[in-house]
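Residue numbering restarts at 1 for every chain, and letters A, B, ... go by the order of the sequence lines. Keep in mind it's a predicted model, so treat the numbers as computed, not measured.
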There are 2 protein chains.
Amino acid sequence: MSIIFSKSCEYALQAVLYLARQPEGSRKHLREIASDLNIPYHFLNKVLQTLTRGGIVVSRKGANGGFALARSPKEITLIDIVRAVDGESSLDGCVLGFPACGEQTPCPVHDQWKRAKEVILTMLQKKTLAELGKGLDGKLELIAQSLSAGKEG
Amino acid sequence: MSIIFSKSCEYALQAVLYLARQPEGSRKHLREIASDLNIPYHFLNKVLQTLTRGGIVVSRKGANGGFALARSPKEITLIDIVRAVDGESSLDGCVLGFPACGEQTPCPVHDQWKRAKEVILTMLQKKTLAELGKGLDGKLELIAQSLSAGKEG
DNA sequence: CGAGTATCAGACTGATTTATCCGAAGTATA
DNA sequence: TATACTTCGGATAAATCAGTCTGATACTCG
């Protein structure tokens, strides 16, 4: 299982990254997203509902329906998705679980964890979806390929 | 819930840190550890059994029994405990959940996550229990105090 | 309007994690 | 040997997470 993020959150991040790479104004069907990213259809359904309620994506029912980003990929960072899915405080709390850990009574790794957290937060909020998407032109396809290859084998 | 570590692992880290602060050669009862650290007795029981099997602590049954570190606090780092409880590969895998993420086909945050992972690994293996314990003389007691105060209030 | 399509919403199942309980087994002391 | 004490280990329950299913709702187009 993943570190840091729940499965729901992983799927959400993948799906949003996927939508960010679509031409602006277009919509993608749940069916297509799930199949391309190899995510269980019904599970992704719920995740996308959460993202819709969270204002990250917009949805449209019926024929010609589907999902699209609610805002431009230039205005969304990964932390927005994490907050919408795993909640606001998923990065708070003492990493060793001491309930009273804080600046006055720090746990043995308090300062070091603080530094690690900063690196993680930077990772999540420094770049927009647009910038992240650019860096991997063609790579998502490669990932998807090796992915489905692994499924068949 | 915690990032990175399971509840079992958190408890294990707390308990081992606690044992590292006891005079060498002494033993502590499960009852006392659980009460001091405010950890569910029966659950900590299981965790300490795991640590015993993992060679982190030694146990002794019966009167005058209890738990103690298997080695000197100078020879144990936190990563040893994490490995014994959460398993070897708890820090592996793509943080976004892409199964095919790697050096050839990196996910959008692959390099940044790599850096974060290094910071975390350093945190876990750079200092020994002895060094970690020294830094917080008296502080664990403070933590425990505010902890039980919170329980009563 | 009616048919077809696609998301929405909630209930449901299964797996894993967390937490609890209790009898068995080992140890010290008298 | 008897007794008290403490960990060991398996069974079980509760809670959370992951994944599945189904009917309702909303939209498009003929």
Measure the distance from NZ on A/K61 to C1' on C/dC8 and round it to the nearest whole Å. 5 Å
Short N-O contact, A/K114 and A/E103, less than 4.0 angstrom: yes
Using a distance-only criterion (donor-acceptor N/O pair, under 3.5 Å, no hydrogens), is the base of D/dG10 paired with the side chain of B/K46? yes
Nearest whole angstrom, please: distance from the P of D/dG9 to the NE2 of B/H42. 16 Å
Lys/Arg-Asp/Glu bridge criterion (N-O < 4.0 Å) met for B/R71, B/E75: no
Could you tell me if the side chain of A/L44 sits less than 4.5 Å from the side chain of A/L30, heavy atoms only? yes
Distance test, side-chain N/O of B/H29 to OP1/OP2 of D/dT6, below 4.0 Å: yes
In whole angstrom, what separates A/R27's CZ from D/dC27's C1'? 10 Å
So, is B/S59 close to the D/dC8 phosphate, meaning a side-chain N or O under 4.0 Å from OP1 or OP2? yes
A/N45 vs C/dT7: side-chain N/O to OP1/OP2 distance below 4.0 Å: no
Closest-nucleotide mapping onto DNA chain D: is A/A63 or B/R31 further toward the 5' terminus? I mean the 5' end. B/R31
Is A/R53 near enough to C/dA9 that one of its side-chain N or O atoms lies under 4.0 angstrom from OP1 or OP2? yes
Assign each of A/F67 and B/G62 the nucleotide of DNA chain C bearing its closest heavy atom; nearer the 5' end lies the nucleotide of A/F67
Can you find a side chain N or O atom of B/R60 that sits less than 4.0 Å from OP1 or OP2 on C/dG26? no
Whole angstrom value for the distance that separates P of D/dC8 from OH of B/Y41: 10 Å
Please state how far atom CG in A/L19 lies from atom P in C/dT7, giving the value in whole angstrom units. 11 Å
Residue met sooner reading DNA chain C from 5', once A/Q49 and B/C9 are mapped to nucleotides: A/Q49
Would you say D/dA18 has OP1 or OP2 under 4.0 Å from some side-chain N or O of A/Y11? no
Are A/I39 and A/Y41 grouped together when hydrophobic residues (ILVMFWY) are joined by side-chain heavy atoms under 4.5 angstrom apart? yes
Atom NZ of A/K7 and atom C1' of D/dG19 are separated, to the nearest Å, by 12 Å
Phosphate OP1/OP2 of D/dC17: any A/S8 side-chain N/O under 4.0 Å: no
Specify the separation, in whole Å, of atom CG of A/L44 and atom P of C/dT7. 10 Å
Once you round it to whole Å, what is the distance between C1' of D/dA18 and CZ of A/F43? 5 Å
Side chain of B/N64, heavy atoms from C-beta onward: which of C/dC8, D/dC8, C/dT29 has the nearest atom to it? C/dT29
Determine whether a donor-acceptor pair (N or O, by modelled atom type, separation under 3.5 Å) exists between the side chain of A/T105 and the backbone of A/A100. yes
